[in-house]
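Have a look at the structure below, then the notes.
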Amino acid sequence: MRMLIMGAPGAGKGTMASIIKEFYHIPHISTGDMFREAMKISSPVGLTAKQYIEKGELVPDEVTIRLVEERLREEDAQHGFLFDGFPRTLSQAQALDTILSLQNVKLDVVVDMRIDRDLLIKRLSGRRVCSQCNANYHIENLKPKVEGICDRCGSPLIQRKDDTEETIHHRLAVYEENTLPLIAYYEAKGLVVAAKGYGNTYQSFCEIEPILGAMHDYNQK
Ligand code: ADP
Ligand code: ZN
């Protein structure tokens, strides 16, 4: 299964992605997580990315595309993948098409997480993430058992620098300008399946799963 998950920042891509990857046994490739890992170890990619990410800007296409190209060569991505946060621009989408066609494979489906703008802002400003394992929490809706501590690994929770109110508005504008048009790009290819980005994520997965399965089967023929 070769999939993309799209949606505004805060639309619940991460939560949906973890359900999808378990269900289909495919690697979850989040360019945001890859950049944050690179920033932690201050690699050249990390140092470049940091300047953009902290301002809520997109990392330049060349850097992002190269990172993804390398990731797609790894063994675990040969039989499927789920991209989260990539592509975010038309050139990234076109680059992905080229990479896949060179491998003689195609995307099966693009899941588009849909949600109201008000809810997005509430979600992002209350979001906390684990400083070690990237698990997501929310100060109201998804509290950890012990305040400020990750349930999974016991490390402190932090607020991402790009989750402050001002940066959030900027990220939403960047999303609307650069990434939203990609939905039309994939709609023209007949690949888009809309999923609810609110309510119970597992339930919203169950609603779309039969369609995802059918699209995959169809592409295999
Ligand atoms: P969110 O979906 O919450 O905005 P991500 O973790 O996907 O967060 O991305 C965080 C930041 O990393 C983005 O705001 C952007 O600066 C950078 N980034 C991630 N993926 C890409 C991409 N495909 N192209 C350019 N920049 C990216
Ligand atoms: Zn953790």
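FYI, the numbering just counts along the sequence from 1. Just follow the structure's listing: the first ligand is 1, and inside any ligand the first atom is 1.
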To the nearest 0.1 Å, how far is [atom] from its closest protein heavy atom, and which atom is that?
{"atom": "atom 27 (C) of ligand 1", "result": "Phe35 CE1, 3.8 Å"}
{"atom": "atom 24 (N) of ligand 1", "result": "Gln92 NE2, 2.9 Å"}
{"atom": "atom 20 (N) of ligand 1", "result": "Thr31 OG1, 2.8 Å"}
{"atom": "atom 17 (C) of ligand 1", "result": "Ile53 CG1, 3.8 Å"}

Interfacing atoms of ligand 1 (cut-off 4.0 Å, heavy-atom, [X]):
{"X": "Arg36", "value": "6 (O), 10 (C)"}
{"X": "Glu57", "value": "15 (C), 16 (O)"}
{"X": "Arg127", "value": "3 (O)"}
{"X": "Thr64", "value": "22 (C), 23 (N), 24 (N), 25 (C)"}

Worksheet item: Which of these, Arg88, Arg171, Lys13, has its nearest heavy atom closest to atom 5 (P) of ligand 1?
Response: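 The residue whose heavy atom sits nearest atom 5 (P) of ligand 1 is Arg88.
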
Fill in: Heavy-atom nearest option to atom 25 (C) of ligand 1, drawn from Asp33, Val59, Leu67
Val59

Worksheet item: What part of Arg160, side chain, backbone, both or neither, has a heavy atom within less than 4.0 angstrom of ligand 1?
Response: side chain

Within a 6.0 Å radius of atom [atom1] on [X], are there more than 12 heavy atoms belonging to other residues, nucleotides or ligands?
{"X": "Tyr198", "atom1": "OH", "value": "no"}
{"X": "Arg117", "atom1": "CZ", "value": "yes"}
{"X": "Glu177", "atom1": "CD", "value": "no"}

Discussion item. Using the side chain to side chain donor-acceptor pair (under 3.5 Å) definition, which of the options Lys189, Lys106, Gln92 pairs with Asp97?
Written reply: Lys189

Item to complete: For the pair Asp163 and Arg128, find out whether any cationic side-chain nitrogen is under 4.0 Å from an anionic carboxylate oxygen.
Response: no

Discussion item. Taking Arg73 first and then Glu70, would you say they form a salt bridge - that is, a charged N and a carboxylate O separated by under 4.0 Å?
Written reply: no

Discussion item. Rounded at 0.5 Å granularity, tell me how far NZ in Lys143 sits from NE2 in His138.
Written reply: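 Between atom NZ of Lys143 and atom NE2 of His138 there are 11.0 Å.
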
Discussion item. Rounded to the nearest 10°, what angle sits at the Zn ion (ligand 2) between SG of Cys150 and SG of Cys130?
Written reply: 110°

Practice prompt. May I ask you to check whether Gly85 has an N/O atom sitting below 3.5 Å from an N/O atom of ligand 1?
Written response: yes

Discussion item. Under 3.5 Å between any N/O of Ser30 and any N/O of ligand 1: does that happen in this structure?
Written reply: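 The answer is no, given that Ser30 and ligand 1 share no N or O pair closer than 3.5 Å.
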
Fill in: Val192, Val193, Val109 screened by side-chain contact (heavy atoms from CB on, under 4.5 Å) with Tyr186, the one that passes
Val192

Worksheet item: Hey, does Pro87 have a side-chain heavy atom less than 4.5 Å from the side chain of Leu4?
Response: yes

